[in-house]
Amino acid sequence: MNAMLSIDWYSIGNKIWDRLTSRTALLIYAGLVLALIIAIVVRVIVAEFNRVATLKNALEGEEKSERQQILETARKTIEEELEPIKDLACQTVVAPNSSAKTVIAPNWAASEEESEEEGSRFYMLTEIDKYYERYTPPEYDDEMSLKEICEEFRNYSAGALKLYYDIEDIRRFIGGLSVTKLIILQGMSGTGKTSLAYAFGEFLDNKTVVVPIQPMWKERTDLVGYYNEFTRKFNETTLLYKMYEADYNEDIYITVLDEMNIARVEYYFAEFLSLLEIPNVEGRNLDVVADKRADDPKLLQSNGKLRLPTNMWFVGTANNDDSTFAISDKVYDRAMVLNLDKKAVPFEVKEYGQKKISSTRLEELFARARREFDLTDRNLRRIKKLDEYMIKTFHITFGNRIMKQIRSYVPVMVACGGTELEALDDVLSRKVFRKLESKNPVYVKQMSDGTCAYLDELFGENKLPLCKEQIRLIEQNV
């Protein structure tokens, strides 16, 4: 006990404190703290890497699942397109000079295997060749007039599909088919742009092909497909399939380019625009592959080209918003434009039905209309004076293409049940006065009153309301 009391505890405590607070001790403390911080940082980084890796694996799994779903949807779409051919191929065939009937049910699986063994790069197109070897053309309704077609189509849309359209819009749609193979339907969403083209295909008992345009499309291969060097097969699209099928018969085919201006039309549709301008339909040949092989489809030409079918019309639907591109004058000049700005009033229909009309018959009706309802000399003089006024005032001229379109469009509109001035008002507003949008809007506003007064003086008061509306619309946007 005395020994414990004799120890100088104060001195010992001072020495211990000096050691604990010495420079060396502080460096040790700092090293320990730094090591602890580094350990924590490393642990956080490792945990973050593990979280990112887990998230990446999850996203890759979702992406793989989405790709599989897309492939499955594409497979189902192709099977649905081939289903009508499979059903029709399994038809009853009557042997000549015999009352016995034999049902032919082709072995499609065997055909596919055979096609692969032979190395055919166009499976779908070669199947069309096989089907049309035993094809029998249907009976067409060749007694209908253009006016009856418009009325029957409107009634069918309302009765069978509950889609209602003004008779004027139906006439403009049919009239547009007589001018060009490219129709552009514009208007607010929900006014029935895609539905109009879809309903026409249903009315003709030949389903409309809807091609959803993708924002990244830039060339024709996005529409018709391409040859895959790896698989040595041609990636056939539904559009190519329908184009090839259309060359075999006289049905009327309608193809919808849905939201056509979500990509640049001048890029992916450029070759089609050029070919459709060729007067000789036999010269409208689209490049598909570089050459032809022995097992290629029959209608594919020796240079790998496919003739654009004369019985197919392209109908583009266009929206004008921030997500789309402006359609150039090159496209507008070659197309007929139909604005759908309002919904029609529903109405009751008692009798309606599908009609099978051949493209040959439709073209004959167009040609007859141009003979019987050609533009009157009076209106030709008015158009000439209006052309001179537009050149002098706005430096805009009709041009040969627009005059040809006017002379094709107006007679057909009259044959459909409209009047000559109504048809002129419609085509002039879409083809001539639309060009004022590219002019100085301040100058157009200054000249608007004088231009509207000149239209009243030349054609009669308020006889061209659509043309005046186009002028006033530009005036209001200044």
Side-chain angles (χ1 to χ4, degrees), residues 144 146-213 238-239 242 251-262 265 269 311-321 324 327 331-332 335-349 352-357 359 362 365-366 409 412-413 415-418 422-423 426-427 429-430 466:
M144 298 180 67
L146 287 175
K147 185 176 181 180
E148 290 172 338
I149 291 175
C150 292
E151 293 171 350
E152 291 285 343
F153 172 36
R154 182 171 183 251
N155 291 339
Y156 177 82
S157 297
L161 307 176
K162 305 304 177 185
L163 297 172
Y164 305 97
Y165 297 96
D166 290 334
I167 189 63
E168 291 81 6
D169 289 333
I170 298 294
R171 290 169 182 162
R172 289 168 184 152
F173 181 74
I174 300 298
L177 299 180
S178 70
V179 177
T180 176
K181 297 296 182 181
L182 177 60
I183 316 293
I184 298 178
L185 303 182
Q186 296 184 148
M188 297 180 295
S189 179
T191 53
K193 299 185 295 295
T194 304
S195 300
L196 177 60
Y198 165 79
F200 193 57
E202 293 294 313
F203 170 66
L204 298 173
D205 194 20
N206 188 16
K207 290 186 178 297
T208 297
V209 180
V210 179
V211 181
I213 304 302
T238 303
L239 177 58
K242 284 295 182 180
D251 288 355
I252 297 173
Y253 285 77
I254 302 295
T255 297
V256 175
L257 305 177
D258 199 26
E259 295 192 49
M260 68 181 304
N261 61 333
I262 201 169
V265 185
F269 205 65
N311 53 340
M312 177 174 283
W313 280 262
F314 297 91
V315 180
T317 63
N319 295 317
N320 297 320
D321 53 43
T324 60
I327 299 177
V331 179
Y332 271 128
M336 285 299 292
V337 181
L338 172 59
N339 283 1
L340 295 177
D341 298 321
K342 59 182 180 180
K343 293 184 178 180
V345 178
F347 57 93
E348 294 292 331
V349 180
Y352 55 87
Q354 294 175 314
K355 301 295 180 181
K356 201 70 175 175
I357 305 170
S359 59
L362 188 63
L365 291 174
F366 292 156
Y409 181 75
V412 173
M413 285 290 286
C416 287
E422 288 174 348
D426 182 58
V427 70
S429 67
R430 310 292 177 229
L466 295 178

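Here, residue 1 is the first one in the sequence, and each next residue gets the next number.
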Drop me the distance from [X]'s [atom1] to [Y]'s [atom2], to the nearest 0.5 angstrom.
| X | Y | atom1 | atom2 | answer |
| --- | --- | --- | --- | --- |
| F314 | T180 | CZ | OG1 | 10.5 Å |
| N339 | S429 | CG | OG | 8.0 Å |
| L340 | L196 | CG | CG | 6.0 Å |
| I183 | R172 | CD1 | CZ | 13.5 Å |
| L239 | M312 | CG | CE | 6.0 Å |
| S359 | W313 | OG | CH2 | 6.0 Å |

>> Pair F200, L177 - check side-chain contact (heavy atoms from CB on, under 4.5 Å), show working.
In response: CA-CA 12 Å; F200 193 57; L177 299 180; 3.9 Å; yes

>> Between L257 and V265, is the side-chain contact (heavy atoms from CB on, under 4.5 Å) condition met? List the steps.
In response: CA-CA 10 Å; L257 305 177; V265 185; over 6 Å; no

Check whether any side-chain N or O of [X] sits under 3.5 Å from a backbone N or O of [Y] as a donor-acceptor pair, and report yes or no.
| X | Y | answer |
| --- | --- | --- |
| R154 | Y165 | yes |
| D166 | A344 | no |
| Y156 | K355 | no |
| Q354 | E202 | yes |
| T208 | T255 | no |
| N155 | E151 | yes |
| T324 | N319 | yes |

> Going by the angle between their ring planes, with limits at 30° and 60°, are F153 and F203 parallel, tilted or perpendicular?
Replying inline: tilted

> Is it true that atom NZ of K356 has more than 12 heavy atoms of other residues, nucleotides or ligands lying nearer than 6.0 Å?
Replying inline: yes

Less than 4.5 Å apart, any side-chain heavy atom of [X] and any of [Y]?
| X | Y | result |
| --- | --- | --- |
| F366 | L146 | yes |
| L338 | D169 | yes |
| F269 | V331 | no |
| V210 | Y198 | no |

Looking at every non-hydrogen atom in both residues, tell me the closest pair between [X] and [Y] and how far apart they are.
| X | Y | value |
| --- | --- | --- |
| I170 | C150 | CG2-O, 3.6 Å |
| G187 | D341 | CA-OD1, 3.9 Å |
| M260 | I184 | SD-CG1, 4.1 Å |
| A423 | M413 | CB-CB, 3.6 Å |
| I174 | C416 | CG2-SG, 3.9 Å |
| I327 | A318 | CD1-CB, 3.8 Å |

> Run the side-chain contact (heavy atoms from CB on, under 4.5 Å) check on V209 and Y253 step by step: do they pass?
Replying inline: CA-CA 8 Å; V209 180; Y253 285 77; 5.6 Å; no

> Under the side-chain contact (heavy atoms from CB on, under 4.5 Å) criterion, do L204 and I357 qualify, and how do the steps go?
Replying inline: CA-CA 7 Å; L204 298 173; I357 305 170; 4.0 Å; yes

